[in-house]
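Worksheet for the structure shown next.
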Amino acid sequence: MEKKKYRCGAVVLAAGSGKRMGGSTKKQYLLMGGKPVLYYSLKAFEDSFIDEIVLVTGAEDISYCQQELVEKYGFTKVSRVTEGGKERYHSVVCGLTALSNCDYIFIHDGARPFVTGGILERCLTDATKYGACVAGMPVKDTIKIADAKGMIRETPDRNLVWMVQTPQVFDAPLIRSAYQKLLAEEEKLLQQGIHITDDAMVVETLMRHPVKLTEGSYQNIKITTPEDMRVAESFLAD
Ligand SMILES: Nc1ccn([C@@H]2O[C@H](COP(=O)(O)OP(=O)(O)OP(=O)(O)O)[C@@H](O)[C@H]2O)c(=O)n1
Ligand SMILES: C[C@](O)(CO)[C@H](O)COP(=O)(O)O
């Protein structure tokens, strides 16, 4: 039977400043195997079933991204390179605004260069089934929940603990409504000490909509601190 064709859009985020990485070049532009980290993230989406990609970056990096990534590598699916915002979730809103109408929206950290076509496929399958899903992997270590003094408060059942990655994929009207609601309730959430660190959290918290955990990969790391670049180089050499 022929697979139903959905129109799929992607927001690829690259507007962060990379404080934890440090250094003068933002981590998404550091070279890995001679190409910027962001190249690999975009390439995976370009080579997939995704129909349209919006790249979100800092205002100062828009022309670099346009010339040195989109034009240089012929990323024809990138419809817009647009300016992001202060927090990751602000950048997501900028991306959603620039993206045209589609059935499913993939939100991906540009700093996760090892996303694969297989992960994108698995996420689309789950998104069509559940309306919302995030790539992730079960943790390998025992996890402890600490109190403010650094003392162990509890040890959750490891079989139920996952490390969450991107892409995070949603039915388009659901994620658009969730982010609209977030903007309306941003102040209230901040006052409650709730910090939004991923897209699933917006859907869980504001829409009370269930989100499926979809198998990602242990290689789908986020480049966050300097040692991640060495790990990434070793993955490339595999
Ligand atoms: N205002 C922001 C913050 C983050 N991001 C993007 O979101 C992804 C995940 O964020 P993170 O790893 O935290 O990146 P940075 O914010 O750049 O890093 P740091 O927190 O160390 O400053 C990255 O691809 C980053 O470029 C973004 O588009 N806009
Ligand atoms: C979305 C994310 O990559 C899932 O692990 C992560 O939450 C981003 O968080 P960060 O604080 O921006 O690293």
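Each ligand, and each atom within it, is numbered from 1 in the order the structure gives. Only heavy atoms go into these numbers, but all of them, side chains included; no hydrogens, no water, no symmetry mates. Note that this is a predicted model, so its numbers are computed, not measured. FYI, the numbering just counts along the sequence from 1.
Each of the following atoms of ligand 1 lies closer than 4.0 Å to a heavy atom of Ala111: 24 (O). In summary, the atoms of ligand 1 found under 4.0 Å from a heavy atom of Ser91, numbered by their order in the structure, are 1 (N), 2 (C), 27 (C), 28 (O), 29 (N). Annotation for ligand 1: atoms under 4.0 Å from non-hydrogen atoms of Glu87 are 1 (N), 2 (C). Taking every heavy atom of Arg88 and a limit of under 4.0 angstrom, the matching atoms of ligand 2 come to 1 (C). Set against the non-hydrogen atoms of Arg112, the atoms of ligand 2 under 4.0 Å away are 2 (C), 3 (O), 4 (C), 5 (O). Those atoms of ligand 2 that come under 4.0 Å of a heavy atom in Asp109, given as number and element, are 1 (C), 2 (C), 3 (O). Every atom of ligand 2 is numbered from 1 in the order shown, and the set under 4.0 Å from a heavy atom of Asp198 is 1 (C), 7 (O). Within ligand 1, counting atoms from 1 as listed, the ones closer than 4.0 Å to a heavy atom of Lys19 are 19 (P), 21 (O), 22 (O). Listed by atom number, the atoms of ligand 1 under 4.0 Å from Gly85 heavy atoms are 1 (N), 2 (C).
The closest protein non-hydrogen atom to atom 8 (C) of ligand 1 is Asp109 OD1, 3.3 Å. Ranking protein heavy atoms by distance to atom 13 (O) of ligand 2, first place goes to Lys222 NZ, 2.6 Å. If you check which protein heavy atom lies closest to atom 28 (O) of ligand 1, you get Ala15 N, 2.9 Å. Nearest protein heavy-atom neighbour of atom 4 (C) of ligand 2: Val164 O, 3.3 Å. For atom 6 (C) of ligand 1, the nearest non-hydrogen atom of the protein is Leu13 CB, 3.7 Å. Remark: minimum distance from atom 15 (P) of ligand 1 to any protein heavy atom is reached at Gly18 N, 3.7 Å. Atom 14 (O) of ligand 1 has Lys27 NZ, 3.2 Å as its closest protein atom, hydrogens excluded (heavy atom only). Distance from atom 26 (O) of ligand 1 to its nearest protein heavy atom, with residue and atom name: Gly16 N, 3.0 Å.
Listed for the Lys27 side chain is a donor-acceptor partner under 3.5 Å among the backbone atoms of Ile223. Although no hydrogens or angles enter the test, the distance criterion places a donor-acceptor pair under 3.5 Å between the side chain of Ser234 and the main chain of Val231. When atom types are taken as modelled, the side chain of Gln28 and the backbone of Gly110 share no donor-acceptor pair closer than 3.5 angstrom. Side-chain atoms of Thr166 never come within 3.5 Å of backbone atoms of His108 as a donor-acceptor pair (strictly under, hydrogens ignored).
At least one N or O atom of Thr197 sits closer than 3.5 Å to an N or O atom of ligand 2. On a distance-only criterion, Val56 and ligand 1 share no N/O pair closer than 3.5 Å. Polar contact with ligand 1: present for Lys222 (N/O pair, distance under 3.5 Å).
A salt bridge links Glu52 to Arg7: one of the charged nitrogens lies within less than 4.0 Å of a carboxylate oxygen. Using a 4.0 Å cut-off between a side-chain N of Lys or Arg and a carboxylate O of Asp or Glu, Arg88 and Asp198 do not qualify as a salt bridge. Remark: Asp228 does not engage Arg112 in a salt bridge, criterion side-chain N to carboxylate O under 4.0 Å.
Of the heavy atoms in Glu87, none comes closer than 4.0 Å to ligand 2.
A side-chain contact (heavy atoms from CB on, under 4.5 Å) with Thr82 is found for exactly one of Val54, Thr57, Val11, Thr97, namely Val54.
You'll find the side chain of Met207 reaches within 4.5 Å of the side chain of Ser177, heavy atoms only.
By the 4.0 Å heavy-atom criterion, Arg20 is counted among the residues contacting ligand 2. For the pair Gly84 and ligand 1, no heavy-atom separation below 4.0 Å is found. Using a non-hydrogen distance threshold of 4.0 Å, Arg112 does not register as a contact of ligand 1.
With hydrogens and angles left out, the side-chain atoms of Glu227 and Thr225 include a donor and acceptor closer than 3.5 Å. Residues Lys222 and Thr224 bring a donor and an acceptor atom of their side chains to less than 3.5 Å of each other. A donor and an acceptor atom, one from each side chain of Tyr89 and Glu186, are located under 3.5 Å apart. Side-chain atoms of Tyr179 and Asp199 form a donor-acceptor pair, as typed in the model, at a separation below 3.5 Å.
No path of Ile, Leu, Val, Met, Phe, Trp and Tyr side chains, each step under 4.5 Å between heavy atoms, connects Tyr218 with Met32, placing them in separate hydrophobic clusters.
Aromatic rings from Phe235 and Phe114 are positioned such that their centres are separated by under 6.0 Å.
When the heavy-atom distances from atom 13 (O) of ligand 1 to Arg20, Met21, Arg88, His90 are ranked, the shortest goes to Arg20.
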